[in-house]
Amino acid sequence: MTTESQSQSAAAHPAGTRPFPGLIIREKSPENLEFPFSALRESIVPNEHFFIRNHFPVPQVVESNWKLTVEGHVERPFELSYAEICELASEEVTMTLECAGNSRIFLEPKVAGLQWEQGAVGNAIWKGVPLAAILERAGIRKGAVEVVLEGADNGEITKEPKSPGKIHFARSLPLPKAISREVILAHTMNGERLPPAHGFPIRAIVPGWYAMASVKWLRRIVVTDKPFRGYFQTSDYTYWERREELPIQLLPVGEMEVKAEIARPASREVIPADSFYKIRGAAWAGEFEVTGVEISMDGGDTWEPANVHGKPEPYAWRLWDYNWKTPATPGSQILMARATDAAGNIQPMDRDSHRGTYIVSQVQPIEVEIRAMTKKSPEDHYAI
Ligand SMILES: Nc1nc2c(c(=O)[nH]1)N[C@H]1C(S)=C(S)[C@@H](COP(=O)(O)O)O[C@H]1N2
Ligand SMILES: [Mo]
């Protein structure tokens with residue numbers, strides 16, 4: 001009876017189509033939800049599975065009242081309605097959004113902040129208007145240095161460092177990044193209108209940068225002639241620049257680092273001894289293309305190349321797999337994956353302590369148990 005229902009459920013959910021186990025709640029209010037990374041199947045994460053990171057409650061936006069203003073150090077300030085933005089020439093970019101605090105739970109000693117495991121990351125196809133086109137229309141004045149992107153969401157931060165009363169979520173980009181064609185004001189996520197939690201009606205998409213730069217519910221663009229000193233730029237989302245081990249200054253977190261994550265097996269998975277098992281995961285590299293992924297079974301002494309899918313392209317992750325002949329001897333086994341990018345960066349083994357509570361990109365070991373088993377899992381023999 002049990003056997004029958006088990007085999008029925010295996011038939012109802014053939015490899016690769018198992019039901020989604022649900023997003024993990026990291027915080028109830030404001031809502032912060034993690035993608036269970038071991039559920040990774042496709043390169044594009046469906047909207048309903050995409051992680052959510054909110055600092056404040058999702059703002060109620062009435063589409064017909066919503067306006068995006070462009071102001072500051074420009075010749076011709078102006079505003080746009082949602083309908084007007086949707087009519088402008090748009091571009092598409094496939095981009096991996098990774099929260100700068102992703103993988104924080106693996107830090108020792110423990111640090112403050114949401115305790116994300118591997119799933120504060122996702123990859124989607126975004127479509128929208130290049131920020132450069134909007135800035136061109138406004139006419140950037142001489143002496144401009146940054147472009148501030150401000151969201152409609154707001155609130156007060158009562159934990160240290162406290163905010164000066166109510167503030168909006170806002171981040172700036174240096175002018176060269178802001179006018180690069182890849183930065184878009186997105187209205188579409190995987191072919192659908194942006195879902196409310198992901199920034200409806202408009203969000204910035206800043207390819208190559210950690211996701212805090214991709215401001216949701218965008219309502220104001222301000223060109224400035226001095227560096228922006230907003231809360232999420234100075235008190236939060238910063239790391240120490242050091243010279244000869246001395247902290248020199250706090251810098252805003254920016255470009256993503258090269259990183260691979262293992263989706264399958266999951267931590268503590270039990271795997272049959274002396275069998276064939278397909279290890280799977282994703283790797284990304286911010287501004288650069290992922291060129292390789294390697295696997296180590298001996299704590300990083302030796303590395304074997306994994307099979308990286310698709311073509312190298314900047315901004316988007318690449319799925320990879322590795323056909324593993326599991327050990328004959330039962331016991332604990334540590335797996336590691338590391339990625340390399342087109343600029344020659346290799347994912348490091350060790351944590352750079354200058355990064356505070358952000359940019360957790362060192363190799364993340366996964367521990368599994370090898371067990372002598374007669375019945376193999378349905379995903380064996382390099383299935384899926
Ligand atoms: N307006 C606004 N934009 C925001 C945030 C926010 O709280 N408010 N969170 C940022 C952070 S820290 C991350 S990781 C991403 C998460 O995007 P997602 O919720 O669509 O996955 O949005 C960024 N943009
Ligand atoms: Mo984030």
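Both backbone and side-chain heavy atoms feed into the values below; hydrogens, waters and symmetry mates do not. Whatever order the structure lists them in is the order used to number ligands and atoms, beginning at 1.
- Using cut-offs of 30° and 60° on the angle between ring planes, the pair Phe232 and Phe169 is tilted.
- Heavy-atom proximity to Ile52, at under 4.0 Å, picks out these atoms of ligand 1: 19 (O).
- Considering backbone and side-chain atoms together, Leu97 places no N or O closer than 3.5 Å to any N or O of ligand 1.
- A donor-acceptor pair is defined here as one N or O able to donate and one able to accept, closer than 3.5 Å; such a pair exists between the side chain of Thr96 and the backbone of Trp317.
- Residue Trp217 has no nitrogen or oxygen atom sitting less than 3.5 Å from a nitrogen or oxygen atom of ligand 1, judged on distance alone.
- Aromatic pair His55/Tyr231: ring centres not closer than 6.0 Å.
- Residue contact check: Asp153 has heavy atoms under 4.0 Å from atoms 1 (N), 2 (C), 6 (C), 7 (O), 8 (N) of ligand 1.
- A cation-pi contact links Lys325 to Phe276, judged by a cut-off of 6.0 Å to the six-membered ring centre and 45° from its axis.
- Put simply, Met95 and Val129 are part of the same group of oily side chains (I, L, V, M, F, W, Y) that touch within less than 4.5 Å, one to the next.
- The protein non-hydrogen atom at the shortest distance from atom 3 (N) of ligand 1 is Lys216 N, 2.8 Å.
- Comment: Lys162 engages Glu160 in a salt bridge, judged by a side-chain N to carboxylate O separation of less than 4.0 angstrom.
- With ligand atoms numbered from 1 in the order given, ligand 1 contributes 7 (O) to contacts under 4.0 Å with heavy atoms of Asn54.
- Distance from atom 21 (O) of ligand 1 to its nearest protein heavy atom, with residue and atom name: Phe51 O, 2.7 Å.
- For ligand 1 and Val215, the ligand atoms under 4.0 Å from any heavy atom of the residue are 1 (N), 3 (N), 24 (N).
- Looking at Lys127 and Glu91, no side-chain N of the basic residue comes within less than 4.0 Å of a carboxylate O on the acidic one, giving no salt bridge.
- In terms of polar-atom proximity, defined here as any N/O pair under 3.5 Å, Tyr237 makes no such contact with ligand 1.
- Taking every non-hydrogen atom of Phe50 and a distance limit under 4.0 Å, the qualifying atoms of ligand 1 come out as 21 (O).
- Cluster annotation: Val61 and Met189 are assigned to the same hydrophobic cluster (Ile/Leu/Val/Met/Phe/Trp/Tyr, side-chain heavy-atom contacts under 4.5 Å, transitive).
- An N or O contact shorter than 3.5 Å links Arg203 to ligand 1 by distance.
- Per-residue contacts place Ser214 under 4.0 angstrom from the following atoms of ligand 1 (heavy atoms of the residue considered): 22 (O), 23 (C), 24 (N).
- The closest donor-acceptor contact from the side chain of Ser163 to the backbone of Gly165 lies under 3.5 Å.
- Scanning the protein heavy atoms around atom 9 (N) of ligand 1, the nearest turns out to be Arg53 O, 3.3 Å.
- Numbered from 1 in the order shown, with element, the atoms of ligand 1 that lie under 4.0 Å from a heavy atom of Cys99 read 14 (S).
- In terms of protein heavy-atom proximity, atom 15 (C) of ligand 1 is closest to Ala211 O, 3.6 Å.
- The two atoms that bring Arg137 and Leu80 nearest to each other are NH2-CD2, 3.7 Å, heavy atoms only.
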